[in-house]
> 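One structure is given below, represented as structure tokens, and several questions about it will come after.
Labels below follow one simple rule: chain letters A, B, ... track the order of the sequence lines, proteins then strands, and each chain is numbered from 1.
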2 protein chains.
Amino acid sequence: MRATVVKSGALVFSHRSGSVQDMTASRTARERVRAELTREITDIARRHLATEGAGGLSLRAVAREMGMVSSAIYRYFPSRDDLLTTLIIDGYNALGEAVEQADAACPGDDHAGRWVAICHGVRDWALAHPHEYALLFGSPVPGYEAPEDTIPPRLRDVIVMGRLVSQAYAAGALDPPALAGPPPQALHADAENLRTVMPGVSDDLALRAFSAWTALYGWVSFELFGQLEKTIFDRRTAFERSMRIMGATLGLR
Amino acid sequence: MRATVVKSGALVFSHRSGSVQDMTASRTARERVRAELTREITDIARRHLATEGAGGLSLRAVAREMGMVSSAIYRYFPSRDDLLTTLIIDGYNALGEAVEQADAACPGDDHAGRWVAICHGVRDWALAHPHEYALLFGSPVPGYEAPEDTIPPRLRDVIVMGRLVSQAYAAGALDPPALAGPPPQALHADAENLRTVMPGVSDDLALRAFSAWTALYGWVSFELFGQLEKTIFDRRTAFERSMRIMGATLGLR
DNA sequence: CTCATGAGAGAGCATTGCTCTTGTACGAGA
DNA sequence: TCTCGTACAAGAGCAATGCTCTCTCATGAG
């Protein structure tokens, strides 16, 4: 697999960079068809995922639908888990994008509004893609270990929330209520950790924001996994109310 | 997977039952053996569940371990889903019991302490039985529809929380902070609904309590499903802090 | 003692993930 | 333009799975 033409000065770094991934340019016809088929496989797999769920995703079924024999699919994905991994990465990216758009649709200085919009962004995406959400946030499929590649996409949504909190804090728009004493010193390191996506805020605020974040996903998971079944009926309203309360614990009003 | 094929010629029912919960006193020997074998199946299944997870629970493997042929197990459970259902019901009961005990271990008038104890009760049980927790609160297994029988056991834990909130409210021990205006009228029906496990409290309080409840499970699910992986390290402390904040939104201090 | 009934055994079907071997068409280097 | 290595697909096969039959036999109520 040798590139036909090396156009940029990549030659200089060619011995250093082991992982080259610029496959956007049209290479040979073979590689083009390979990329096309790979995309088609993931598309079909995503559709099966949406109808059957993660457990029902079958490589053989995907192959069948493509008119391939089952073994041929292993040319593209060495195992079912590898297919799952790309679906997971795609899922995190799709969710992250939805959240980014929800945030961007609000005026930058309406911090409380942005918070609610972000929450709705998560919930709406989850309701629209329940099985993908389950793949990302449900019980991990047994024997499957998420590789490192999934980490950056996974952070996209939380980064949006962190940015909001930091901006609101910097703008002096936060008026957090006194709910408890200062957080225990033992949590300083974790708060410091959280500040990588939430720069500038206090330990207390970072921890509260993360709590609100888990509450958001707690609600959505409850709703999607059937735990609200005979309990909450006006779910959108109840969700928004709950998220407003959570936002209020951060001082977003 | 080892085989350990045990061809037991006769079923020995001289096993000391000593069981406490046989409401129908020992009927015919046949029925005794049947009850015993049913229990043994669920025990083995629960062990497999704990090691392999829900997806890896195989009727054939359970049968093999019992020295039965695979088809024989269908005399006891008509399908894999039925086995799952009894495991789910048992799981809810075990969780509910753990939560009840956690609550009971606190002085009745220490409402804030009881709240934290209940939260730890949920989390501790979940950490001790991760796969069972995943079965109860994780992504629903595709094609599986939880039957009605699972509803009462599922309410055991939430009833404990509701009782606490009602008692604290009745004792005048709640001092909820002003976090938002009154809840929308649209949620009155849902709040009324919540009052079946939380009698006497206001709409606002019922909704806040339910929010805290979802936040609790949100945290535990995040922790168990790997979402806290490179983020929170002192998890017990962070969890308790988060739950204290949630309790404070109810006015528990 | 009789005999319907409950229960285990075994074969079998359709399905899965995955491997191995064999045939084939492409396409880069001569 | 031809050749030959390579990428690819096909097919058979293995070890599992859930579940359904049928056959046989011991149990235990009448």
Side-chain angles (χ1 to χ4, degrees), chain A residues 1-6 23 26-41 44-45 48-49 52-85 87 141-145, chain B residues 1-14 26-41 44-45 48-49 52-85 87 141-144:
Chain A
M1 115 151 109
R2 142 183 10 158
T4 52
V5 179
V6 180
M23 51 201 305
S26 66
R27 300 261 186 103
T28 74
R30 217 177 216 171
E31 284 175 352
R32 284 238 306 273
V33 100
R34 181 184 177 83
E36 175 66 23
L37 285 187
T38 304
R39 210 184 52 78
E40 193 175 336
I41 290 174
I44 294 179
H48 283 200
L49 183 71
E52 324 282 336
L57 194 157
S58 143
L59 282 190
R60 289 183 112 113
V62 172
R64 210 176 302 129
E65 188 166 330
M66 293 191 62
M68 270 177 165
V69 89
S70 74
S71 59
I73 220 125
Y74 288 86
R75 294 266 167 200
Y76 298 88
F77 291 93
S79 79
R80 185 174 173 277
D81 282 2
D82 286 86
L83 218 194
L84 275 182
T85 295
L87 290 181
V141 289
Y144 174 80
E145 190 85 19
Chain B
M1 238 170 242
R2 69 226 176 279
T4 45
V5 177
V6 180
K7 275 241 177 184
S8 60
L11 286 173
V12 186
F13 52 87
S14 65
S26 61
R27 299 233 189 124
T28 75
R30 216 176 217 171
E31 284 176 350
R32 286 236 307 273
V33 159
R34 182 182 176 83
E36 176 67 22
L37 286 187
T38 304
R39 210 184 52 76
E40 192 175 336
I41 290 175
I44 295 178
H48 284 199
L49 181 71
E52 324 282 336
L57 193 153
S58 142
L59 282 190
R60 290 182 111 113
V62 172
R64 210 176 302 129
E65 189 166 329
M66 295 192 60
M68 270 176 167
V69 89
S70 74
S71 59
I73 220 119
Y74 288 86
R75 295 268 172 200
Y76 298 88
F77 291 93
S79 79
R80 186 175 173 276
D81 282 2
D82 287 86
L83 218 195
L84 275 182
T85 295
L87 290 181
V141 288
Y144 174 79

> Would you indicate, yes or no, if D/dA15 has its OP1 or OP2 atom less than 4.0 angstrom from a side-chain nitrogen or oxygen of B/R64?
no
> Look at all strands and tell whether B/S70 reaches a base, only sugar-phosphate, or nothing, counting heavy atoms closer than 4.0 Å.
base
> Starting at atom CZ of A/R60, determine the distance to atom C1' of C/dT19, rounded to an integer number of angstrom.
11 Å
> Between P on D/dA16 and CD on B/E52, what's the gap in Å once rounded to a whole number?
13 Å
> Nearest whole angstrom, please: distance from the P of D/dA9 to the CE of A/M66.
8 Å
> Just how far, in rounded Å, is C1' of D/dC19 from CE of B/M68?
16 Å
> How long is the straight-line distance from CD1 of A/I44 back to CD of A/E40, given to the nearest 0.5 Å?
5.0 Å
> Would you be so kind as to tabulate the donor-acceptor pairs closer than 3.5 Å made by side chains of residues 67-77 of chain A, with sequence neighbours excluded?
none

> Indicate whether any N or O donor in one side chain lies under 3.5 Å from an N or O acceptor in the other, for B/D82 and B/S79.
yes
> Starting the side chain at C-beta, find the nucleotide from C/dT16, D/dA9, C/dA9 nearest to B/V69.
C/dA9
> Send over the distance from B/L83 CG to D/dT17 C1', rounded to a whole Å.
15 Å
> With rounding to the nearest 0.5 Å, note down the distance linking CG in B/L57 to CZ in B/R80.
5.5 Å
> Measure from the side-chain heavy atoms of B/L59 and tell me the nearest of D/dT17, C/dT16, D/dC19.
D/dC19
> Quick one: what's the B/S/- string for nucleotides 21-30 of chain D, heavy-atom cutoff under 4.0 Å, read 5' to 3'?
B----BBSS-
> Measuring from atom CG of A/D81 to atom CG of A/L87, what distance do you get when rounded to the nearest 0.5 angstrom?
11.5 Å
> Any idea which of C/dC18, C/dT16, D/dG18 is nearest the B/R80 side chain?
D/dG18
> Can you tell me the distance, in whole Å, between the CG atom of B/L37 and the C1' atom of C/dA9?
15 Å
> Applying a 4.0 Å non-hydrogen cut-off, can you work out what A/I73 is touching in the nucleic acid: base, sugar-phosphate, or nothing?
nothing
> Heavy atoms, side chains only, cut-off 4.5 Å: are A/R32 and A/E36 in contact?
no
> Quickly work out the B/I41 CD1 to C/dA7 P distance and round it to whole Å.
11 Å
> How many Å lie between NE2 on A/H48 and P on C/dT16, as a whole number?
10 Å
> Closest to the B/Y76 side chain: D/dC8, C/dT16, C/dA7?
C/dA7
